[in-house]
2 protein chains.
Amino acid sequence: MTMARYEQIAGDLREAILRGEYPIGAQLPSEAELATRYEAARGTIRQAVALLASEGLVGSRQGARRIVLGGERSQSFAELHSFAQWARSMGYRASGTVLASRRRPCSPSEAVRLSVEPGDEVLTVLRLRRLDGEPVLVERTVYAGWIAPAVEKLDPACESVTQELYEAVGLVFAYGEHLIDAVAAGAEDARLLGVRRGSPLLRQRRTTTSQEGRPVECSDDRYRAGSVVFSIRNSTSANPLVRRAGD
Amino acid sequence: MTMARYEQIAGDLREAILRGEYPIGAQLPSEAELATRYEAARGTIRQAVALLASEGLVGSRQGARRIVLGGERSQSFAELHSFAQWARSMGYRASGTVLASRRRPCSPSEAVRLSVEPGDEVLTVLRLRRLDGEPVLVERTVYAGWIAPAVEKLDPACESVTQELYEAVGLVFAYGEHLIDAVAAGAEDARLLGVRRGSPLLRQRRTTTSQEGRPVECSDDRYRAGSVVFSIRNSTSANPLVRRAGD
DNA sequence: TAAGCGAACTTGTACAAACAAGCCAGACCT
DNA sequence: AGGTCTGGCTTGTTTGTACAAGTTCGCTTA
């Protein structure tokens, strides 16, 4: 596993920041100095610090030294996407169960989100996920028809759907869009999560896309309040977070 | 207002995508072709498309043409940060009222978040925000002591705190960290928002920092369910969204 | 003393060149 | 017909150079 030079340098600086060598508010060495230290061109150094900036770890303004903004490890796309991988990296034990799985023609809105023809067959799956045995998340996922056979072959108690799909058919989840809001627990949500009906849930509706840009699944995930928090860093130069009006 | 060449090119391509010239799933022209068309170096083109990629508009893999992922305008940092500016750009009429405002020594946890000494004086403000007259958001903000005088001078019915602070003291919000989850409405929340106690609210806890990296404010914002949704685009190469375990 | 100026430093933008690595389609072979 | 392979295309990485633009800080000057 060989990494690009700028990724190595970024990793080195990230560690130094997390280690406290450059505390929050402190200045990073200048690009020129880093270039000397790492024996790399300035362009390479710029790529490295740009990576850290995109993680929200450092900030910069023209003319002034770069400053350290935060100190906290950022997750990979895989860790965010895969509940199991995330749980494992956090030291939790994740489990899950498929409660229902069936094929049906898709609705017009699903057709748009999955870029398929209205009425095309899709696969809907209802999963309950647990952290250390505690039910935490209800997942209602709609898979595009072309991936349905691979999904149906999975073990119902399969831990990481993401990983199994990669190993089975080489599918890689590469892009995602997420809509986050709060909803009241419905009857089914309440029963599965063991909370009262109407109690608050954190809802994440997501659409995931393969490397080739083909939508694979869209999902309505509901977390029991207090079980997870989403965290986003942004800045004037990198603002991935958008606020939108509700339905 | 002169823009960098790569920003002009990015803007041009963004418009073309939003106009439907490059529909979702289509391929973008190659870097070489764009370089010829815009009479720019390949590096400049790469900066332009990197900008679009960071917005989640296009995706790329080594060896294959870039593909169009999404079509939708992304907001500026200011639009996300300032409730009033966001509302205006969406065509809503925003109003707000300061319900309480007082100075007090900060708690240990606030001291950490604002990078001040424990016990230093801070300013807490309780605001109710409305969209088209409907109460939508309860804001509980803690301002660092050094900015408190400027905040206290503001009109209690002031629409855009962000804009007023910029005009008054030249303060620019530049970096932010956001924690998003769901909570049940407390007694005060319920009364102010006109919902039942215990009903779901979308909570956004944020810390905002100035250009120089100095924390300015941290805030606990609670939206009535259904009024707003947060949206995030991410990918394997740019993942600003992080899932964390709840308290 | 305080305002103003300027020089040195630092990041931002742009161009050019070269090679590496991955993708794709058409040609070729079995 | 179907699989394989290769050559051309496209994006990724790295170096080097030059200038533009903003910040910082010490020095000069009123």
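We name chains A, B, ... by the order of the sequence lines, and we start the count at 1 in each one.
For A:Arg102, there are no salt bridge (charged side-chain N to carboxylate O under 4.0 Å, His left out) partners, not counting sequence neighbours.
In this structure, A:Ile45 atom CD1 and C:dT10 atom C1' are separated by 14 Å, rounded to whole Å. If you measure from atom CD of B:Glu7 to atom P of C:dG12, you get 12 Å, rounded to the nearest angstrom. Atom-to-atom, CZ of A:Arg46 to C1' of C:dT10 comes out at 10 Å; the value is rounded to the nearest Å. For the pair A:Glu31 CD and C:dG12 P, the computed distance is 6 Å after rounding to whole Å. Look at CZ on A:Arg42: it is 7 Å from P on C:dT11, rounded to the nearest Å. Here C:dA20 presents its P atom at 18 Å from OH of A:Tyr6, a figure rounded to the nearest Å.
Using modelled atom types, one finds no donor on one side chain facing an acceptor on the other under 3.5 Å when comparing B:Glu177 with B:Thr207.
Checking side-chain atoms of B:Arg243 against main-chain N and O of A:Leu80 turns up a donor-acceptor pair under 3.5 Å.
Checked against C:dG12, C:dA21, C:dA18, the side chain of B:Gln62 finds its nearest nucleotide in C:dA21.
Along DNA chain D, the stretch of nucleotides lying under 4.0 Å from any heavy atom of chain B spans, 5' to 3', D:dT10 to D:dT13.
The residue B:Arg66 sits close only to the backbone: its heavy atoms come under 4.0 Å of sugar-phosphate atoms, none of a base. Residue A:Ala32 is out of contact with every strand shown, counting any heavy-atom pair closer than 4.0 Å.
Where A:Ala40 and B:Gly63 meet DNA chain D, the nucleotide closest to each residue was compared, and B:Gly63 sits on the side nearer the 5' end. Nearest-nucleotide assignment on DNA chain D puts the 5′-proximal partner with A:Glu39, out of A:Glu39 and A:Arg65.
Across all non-hydrogen atoms, the minimal contact from A:Gln204 to A:His178 is NE2-ND1, 2.9 Å. Between A:Ser210 and A:Val216 the shortest heavy-atom distance is N-CG2, 3.7 Å.
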**Prompt:** Does the pair B:Glu21 and B:Arg19 meet the rule for a salt bridge (charged side-chain N to carboxylate O under 4.0 Å, His left out), with working shown?
**Reply:** CA-CA 6 Å; B:Glu21 197 165 320; B:Arg19 206 172 39 233; 2.6 Å; yes
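Dashed line: the shortest gap from a side-chain N or O of B:Arg61 to OP1 or OP2 of C:dC24 is under 4.0 Å. Side-chain nitrogen and oxygen atoms of A:Ser30 include none within less than 4.0 Å of the OP1 or OP2 phosphate oxygen of C:dC9.
When the shell of 6.0 Å around OH of A:Tyr38 is examined, it contains more than 12 heavy atoms from other residues, nucleotides or ligands.
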